[in-house]
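Each chain gets a letter, A, B and so on, in the order its sequence line appears, and its residues count up from 1. These figures come from a predicted structure and were not determined experimentally.
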Amino acid sequence: MAHWLFKSEPATWSWTQMVAAGAKGTFWNGVRNHLAKKQMMAMQKGDRGFFYHSNEERAIVGIVEVIKTYYPDHTDESGKFGMVDVKAVKPLKAVSLAQIKNEPKLADMVLVNNSRLSVQPVTDAEWRIILAMAGEKA
DNA sequence: GCCAACGTTGGC
DNA sequence: GCCAACGTTGGC
């Protein structure tokens, strides 16, 4: 199973709203970047990802699960982009960007090197390390 | 609030 | 098809 990282500004779409969306989840729209699109197209139902708050908070705050694979985003007038549906799985003890940058094993994470990408792949090793940092058992 | 990095746009 | 200019994002 592949792992991902979904990035959102808390002011636009926060973890609290993600949790409030419940088991039916929500669509992850608004992506207008081809690299991010590529990641979403590779997602499978049941894949899990970190939910990251950018800007003010800069921390991973929860885990989400893909519940619907890639489909067209009807709000995109160009018709080039699509979206997936995700639901909140569980909150995590926040792992901050500073903590991630302080961990040498995570030096190659996309979040560290290309922080502007809104949907990112996470390797299995990175997934386990961050779960451990959040005090979770992998 | 500033600035660096990246993506996109548009002129040629 | 190249590249400069511009806009946006996000860390600090």
*Asks:* Reckon A:Leu97 touches a base, only the sugar-phosphate, or nothing at all at heavy-atom distances under 4.0 Å?
*Replies:*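 Since only primed, P, OP1 and OP2 atoms lie under 4.0 Å of A:Leu97, the category is sugar-phosphate.
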
*Asks:* How many whole angstroms separate atom CG of A:Leu111 from atom P of C:dC12?
*Replies:*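 Those two atoms, CG and P, are 10 Å apart.
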
*Asks:* How many Å lie between CD on A:Gln120 and C1' on C:dG10, as a whole number?
*Replies:*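 Computing the A:Gln120:CD to C:dG10:C1' distance gives 12 Å.
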
*Asks:* Should A:Lys7 be listed as having a side-chain N or O under 4.0 Å from OP1 or OP2 of C:dG11?
*Replies:*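 No.
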
*Asks:* For the pair made of CD in A:Glu9 and P in C:dT8, what is the distance, rounded to whole Å?
*Replies:*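 Rounded to whole Å, this separation is 13 Å.
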
*Asks:* What nucleotide among C:dG11, B:dT8, C:dT8 has an atom nearest to a side-chain atom of A:Arg116?
*Replies:*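 Nearest to the side chain of A:Arg116 among the choices is C:dT8.
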
*Asks:* Can you tell me how far C1' of C:dG11 sits from CD of A:Glu57, to the nearest Å?
*Replies:*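 For the pair A:Glu57 CD and C:dG11 C1', the rounded distance is 14 Å.
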
*Asks:* Step by step, work out the side chain to side chain donor-acceptor pair (under 3.5 Å) result for A:Asp47 and A:Trp4.
*Replies:* CA-CA 8 Å; A:Asp47 279 358; A:Trp4 313 96; 3.1 Å; yes

*Asks:* Can you label the angle between the A:Phe51 ring and the A:Trp28 ring as parallel, tilted or perpendicular, going by 30° and 60°?
*Replies:*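 Aromatic pair A:Phe51/A:Trp28 classed perpendicular.
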
*Asks:* Mark yes or no for whether A:Lys24, through its side chain, and A:Lys87, through its backbone, hold a donor-acceptor pair below 3.5 Å.
*Replies:*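 Between the backbone of A:Lys87 and the side chain of A:Lys24 there is no qualifying donor-acceptor contact (under 3.5 Å).
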
*Asks:* In whole Å, what is the span from the CD1 atom of A:Ile100 to the P atom of C:dG10?
*Replies:*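 Checked: the CD1 to P distance equals 15 Å.
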
*Asks:* Closest-nucleotide mapping onto DNA chain B: is A:Leu35 or A:Glu56 further toward the 5' terminus? I mean the 5' end.
*Replies:*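 Looking at DNA chain B, the more 5' nearest nucleotide goes with A:Glu56.
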
*Asks:* Look at the side chain of A:Ser115 and decide which nucleotide, out of B:dC6, C:dG10, B:dT8, has an atom nearest to it.
*Replies:*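 Shortest atom-to-atom distance from the side chain points to C:dG10.
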
*Asks:* I need the OH-P distance between A:Tyr52 and C:dG10, as an integer number of Å.
*Replies:*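 Atom OH in A:Tyr52 sits about 9 Å away from atom P in C:dG10.
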
*Asks:* Quick check against the 3.5 Å criterion: does A:Lys37 have a side-chain atom that pairs as donor or acceptor with the backbone of A:Lys80?
*Replies:*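 Present.
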
*Asks:* Specify the separation, in whole Å, of atom NZ of A:Lys101 and atom P of C:dG10.
*Replies:*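 Between P of C:dG10 and NZ of A:Lys101: 13 Å.
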
*Asks:* Mind calculating the distance between NZ (A:Lys38) and P (B:dG7) to the nearest angstrom?
*Replies:*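 Those two atoms, NZ and P, are 12 Å apart.
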
